[in-house]
Amino acid sequence: MNLIYIVEFPTQNQKGKEMAVRVRFAPSPTGFMHVGNARTALFNYLFARHNKGKLILRIEDTDTERHSEEAVNVIYEALKWMGIEWDEGPDIGGNFGPYRQSQRLDIYKEYIDKLKEKGLVYECFCTQEELEAMRQEQLKRGEPPRYTGKCRHLTEEQKKKFLEEGRKPVLRFKVPEDRTIVFNDLIKGRISINSKQLGGDFVIVRSNGMPVYNFVVVIDDALMEITHVIRGEDHISNTPKQILLYEALGFKTPEFAHLPMILGKDRSKLSKRHGSTSVREFKEKGYLPEAFTNFLALLGWYPKDGKEILSMEELIERFDIKDVNSAPAVFDTTKLNWMNQVYIRNYPIEKLTDLIIPYLQKAGYNINNFDRKWLEKVVEITREYFTVLSDAPEYMEVFLKDEFNFEEKALNFMKESENRLKVVEELLKTLESQEEEITEETFKKTVKQVGKTLNVKGKELFMPIRIALTGKMSGVEVPILAETLGKERVIKRLRYTLNKIRG
RNA sequence: GUCCCCAUCGUCUAGCCCGGCCUAGGACACCGGCCUUUCACGCCGGCGACGGGGGUUCGAAUCCCCCUGGGGACGCCA
């Protein structure tokens, strides 16, 4: 018999009352937050907030050997940086805890016993080596690898014998023979698969007694009353197994939404070899969290009104899971760079300065040497030049360092003609004869005056001054630089240049 | 190999469900011009795509089938 089961949309509970939306982000603490996971977290958050629901953070650490405490902190750090807030989680608690799978073992045991009672599971004594050999052989024959159900009907004597050999059994779930499992994915639409394609009876408890992901995820989602499971597309193939488990356990299935993959430039699954893939790397390079989040939101989703620069509030307002694209997206940071520039230009100057200071310190500057307000002014002038915060010191350098190095091009330019040094000399002389402090306006006038006196204009007049003040042939507007530096430092730099070049 | 998913400019995408308003729209990138006695910013303009083949229809990017291509999953990982 070929039964078809269709999962219903569970926005109402048995009493017909509206069910509050509850979604979860359930990462495994691997030590870094992959951008794909970050996007999954974001979409869950946007969905929850848009629907006035709750976001639950759950740590999936059943594979204990691979997990560490520090790795859990990495998750908190990444989410907080992105501005994603959760309503329940290991750190803040909630009514459905504990929120770490490693602390829910007793709960799982209860449900394992239930399945045992119902006769839906059995012990399997095959070793991993035996299974691997079987898989290889199947592959060689061109067959899909699957567990054959070898231990499904072991007699008590056989089991006893295996136990005496010291073998520790795993627990396998009996997959129905020929069932078509159908579910309606919120993003992909109707997905159907036959139970024959599931790879045979799958393991739900390891030989060390630790239950496995596919099993615990069902229990947790059911017990935590998750209404919508929003996760990566790579979980599609797990979904039928989980639906079988929901059924076996007597739980109601949630709604599923599988997000398209994020691909690298070569269109394969995004991985470390494609460059930066962890949230931390983007933070460290100096991407603003708002820009990063905005960019991720547009990977696979697009607002109806086409507005692309969106704050978290605006994202929440517009986000609809139905508008999520079903095709995978290539992770290309070109647009992120542009977005970061946009955000940098519009950021509150105090906050931006706070964020830039660590990069300045890393570049060797002693921040205490600079007046805070003055520093903010410098940030204000230079912000439009950099795309990531780590670029900031490079552009701010002309304000911060009086003893600079000359670009080769600039040095050659100055040496080509004695007249160019004369411009610098004349400017120095004129400035020294003036009483008042430099402003943008007075500096412009002074330069004009120098030009008149020496009878030079254009590039021959402006370029020597720029070089004398910065050592470079391009950069911020010179009068603004001069005003910001102040007369004393301008004079100091002119002398410095004269000394350096004339020796 | 088997199953599942996917397919619009270089990239992110709108349009597709409910065929005509699409000589396919936007953004980023790229190229050109203007602005700026520099660079960048800004402004203006340009380049640039419905993977292929069959249907259905008066009409298809949109509906159906096949092919091709890409991706994912097939674990005592999650």
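A quick note: this is a predicted structure, and the numbers were derived from the prediction, not measured. Chain identifiers are assigned alphabetically (A, B, ...) following the order of the sequence lines, protein sequences preceding nucleic acid strands; residue numbering begins at 1 within each chain.
- Between the base of B/C4 and the side chain of A/Ser237 there is no donor-acceptor pair shorter than 3.5 Å.
- The shortest distance between the side-chain N/O atoms of A/Arg345 and the OP1/OP2 oxygens of B/G42 is below 4.0 Å.
- RNA chain B lies under 4.0 Å from at least one heavy atom of each of the following residues of residues 461-480 of chain A: A/Phe462, A/Arg466, A/Met473, A/Ser474, A/Gly475, A/Glu477.
- In terms of phosphate contacts, A/Arg135 brings a side-chain nitrogen or oxygen within less than 4.0 Å of OP1 or OP2 of B/G75.
- Taking only distance into account, the side chain of A/Glu132 never meets the base of B/G75 through a donor-acceptor pair shorter than 3.5 Å.
- For A/Tyr302, taking side-chain heavy atoms from C-beta onward, the closest of the listed nucleotides B/C5, B/A78, B/A14 is B/A14.
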Between A/Asp221 and A/Arg58, does a salt bridge (Lys or Arg N to Asp or Glu O under 4.0 Å) hold up when you go through it step by step? CA-CA 10 Å; A/Asp221 285 340; A/Arg58 185 176 71 224; 2.9 Å; yes

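- Applying the side-chain hydrogen bond (donor to acceptor under 3.5 Å, both in side chains) test to pairs two or more places apart or on separate chains, those with a residue in residues 455-484 of chain A are A/Lys377-A/Glu483, A/Arg420-A/Glu460.
- Side-chain rings of A/Phe295 and A/Phe282 stay apart, their centers remaining 6.0 Å or farther from each other.
- Side-chain nitrogen and oxygen atoms of A/Lys269 include at least one within less than 4.0 Å of the OP1 or OP2 phosphate oxygen of B/A73.
- Partner of A/Arg231 under the side-chain hydrogen bond (donor to acceptor under 3.5 Å, both in side chains) criterion, out of A/Asn44, A/Thr40, A/Thr239, A/Asn238: A/Thr239 alone.
- A distance of 6.0 Å or more separates the ring centres of A/Phe47 and A/Tyr45.
- Among the protein residues, A/Arg146 comes within range of no part of the nucleic acid, since none of its heavy atoms lies under 4.0 Å from any strand.
- For A/Asn325, no side-chain nitrogen or oxygen approaches OP1 or OP2 of B/C6 to under 4.0 Å.
- Here the nucleotide nearest the side chain of A/Ala327, chosen from B/A7, B/C41, B/A78, is B/A7.
- When heavy atoms are screened at a 4.0 angstrom cut-off, A/Ser326 is found touching the sugar-phosphate backbone but no base atom.
- Phosphate proximity of B/A78 to A/Thr62: present, with a side-chain N or O under 4.0 Å from OP1 or OP2.
- Non-hydrogen atoms lying under 4.0 Å from RNA chain B are contributed by A/Glu384, A/Tyr385, all within residues 378-387 of chain A.
- Ring-centre distance between A/Phe25 and A/Trp86: not below the 6.0 Å cut-off.
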